[in-house]
Amino acid sequence: MVSYKIALIPGDGIGPEIIAEGQKVIDAASDICGFKINWVKYPFSADHYLETKELLPMDSLKEIERMDSIYLGALGDPRMKPGVLEKGILLALRFYFDQFVNLRPVKLLEGVECPLKNKKPKDIDFTVVRENTEDFYVGVGSHAKEGHSKETLEIKRSLYEVKFDLDIEADRDEVAYQIGILSRKGSERIIRYAFELAKKKNLSRVTSVDKANVLSDIYGFWREIFSEVSKDYPGIDTEYNFVDAITMWFIRKPEWYQMIVSPNMFGDIITDLGAMIQGGLGLAPGGNINPDGISMFEPIHGSAPKYKGMNSANPIATIWSGSMMLEELGEEKAARFVLKAIEEVLKEGKVRTRDLGGSSKTHEVGDAVVEKLKDM
Ligand code: IPM
Ligand code: MN
């Protein structure tokens, strides 16, 4: 029997509760479709850090490197300074495994109420391909006190290494700065990924997101590369949207969009909005993908510490992310079954967590999805 080894990182807050449901559903799908998952659990989280001072040790990364995928709950905890877990665990994983694609489907499922008036599932069905390793996420920045100072900032990636030697003269005030980086190869590979996916899905339009009217060096470069890559896909229409405008169009005319490709930070922002128009954060899945390496699947929402341990969070985003993981592993049938089972539970409407107006518990949603799977 085919088997897969998956690193399981439940994380913080509601992470452990929702990931347990994802695991349950994936195990059920594997039984039905005839493969096996070997889960290897890792403790990386705020609790683990506070106990051991360890975030994400290199030997674990090396172990995970030999596995098939990573399944993650959520990270973030109010006891920690913002960014410590996010950068030290989540972004560290994305960067270490060079998961340059952040794949975020925005799809209103049957049975889910849309906050936009008169919009139906056929109107909200597009994919955001977010670049996941560059832009303002490279972590290159600092601040300089008044006067003269020097700073060396470096970024190391599998694609390249860049060093900035800064000589700073601030005459009257303290300044903070952050350097965003796009590379030609880094932009090209993500834009090409979006076009290839559009081709595979028979879509007719790819939209590029940027802010080239103001941040013209970095996003003018993005546009240039988008335009070059698009020439290889003559059958697909293209357009540029400014990031501010696209937030308006997501509300006014979401049915326009098919495939969107975006630099990292704007992709982060617009996919929270995307989550809302598909019915809420509890329903928005995501994958951090390295097509030739180790990918990682996680809901796009955070750890919701307020709801920790209450067994009330919606696990559907996580279960759906699990379906995306199955697809990436090549278990397409199982992936389809899981998504279908989610849709049936939602359409039936009997089992719903509080965010969807119901009173079901987290584990009841997982159980309901498993029941539907068993009928398939
Ligand atoms: C997301 C999150 C992360 C991001 C944070 C937690 C680092 O907001 O996955 O969208 O900005 O990518
Ligand atoms: Mn986000």
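Read the numbers this way: they start at 1 and go in the same order the structure lists the ligands and their atoms. Computed from a predicted model, the values in this text were never measured in an experiment. The residues of the chain are indexed from 1 along the displayed sequence.
The structure places CZ of R352 at 8.5 Å from CD1 of I316, a figure rounded to the nearest 0.5 Å.
Closest N/O/S atom of D268 to the Mn ion (ligand 2): OD1.
Among protein heavy atoms, the minimum distance from atom 5 (C) of ligand 1 is reached at L90 CD2, 4.2 Å.
Judged purely by distance below 3.5 Å, without hydrogens or angles, the side chains of Y307 and E17 never pair a donor atom with an acceptor atom. D77 and Y49 are not linked by any side-chain donor-acceptor pair at a separation below 3.5 angstrom, with hydrogens and angles left out of the test.
Judged by distance alone, the side chain of E151 and the main-chain N or O of I168 form no donor-acceptor pair under 3.5 Å.
Between D268 and ligand 1, at least one pair of N/O atoms sits closer than 3.5 Å.
Among E86, R104, K87, M265, the residue whose heavy atom lies nearest to atom 1 (C) of ligand 1 is R104.
Ligand 1 places these atoms under 4.0 Å from at least one heavy atom of Y137: 4 (C), 11 (O), 12 (O).
D272 lies apart from the Mn ion (ligand 2) in this respect, since none of its N, O or S atoms is found at a distance under 2.8 Å.
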Next on the checklist: Let's go through R79 and D47 carefully: what are the C-alpha distance in whole Å and the side-chain angles of both, what is the deciding distance for salt bridge (charged side-chain N to carboxylate O under 4.0 Å, His left out) to 0.1 Å, and is it a yes or a no?
Outcome noted: CA-CA 9 Å; R79 291 168 296 174; D47 281 340; 2.7 Å; yes

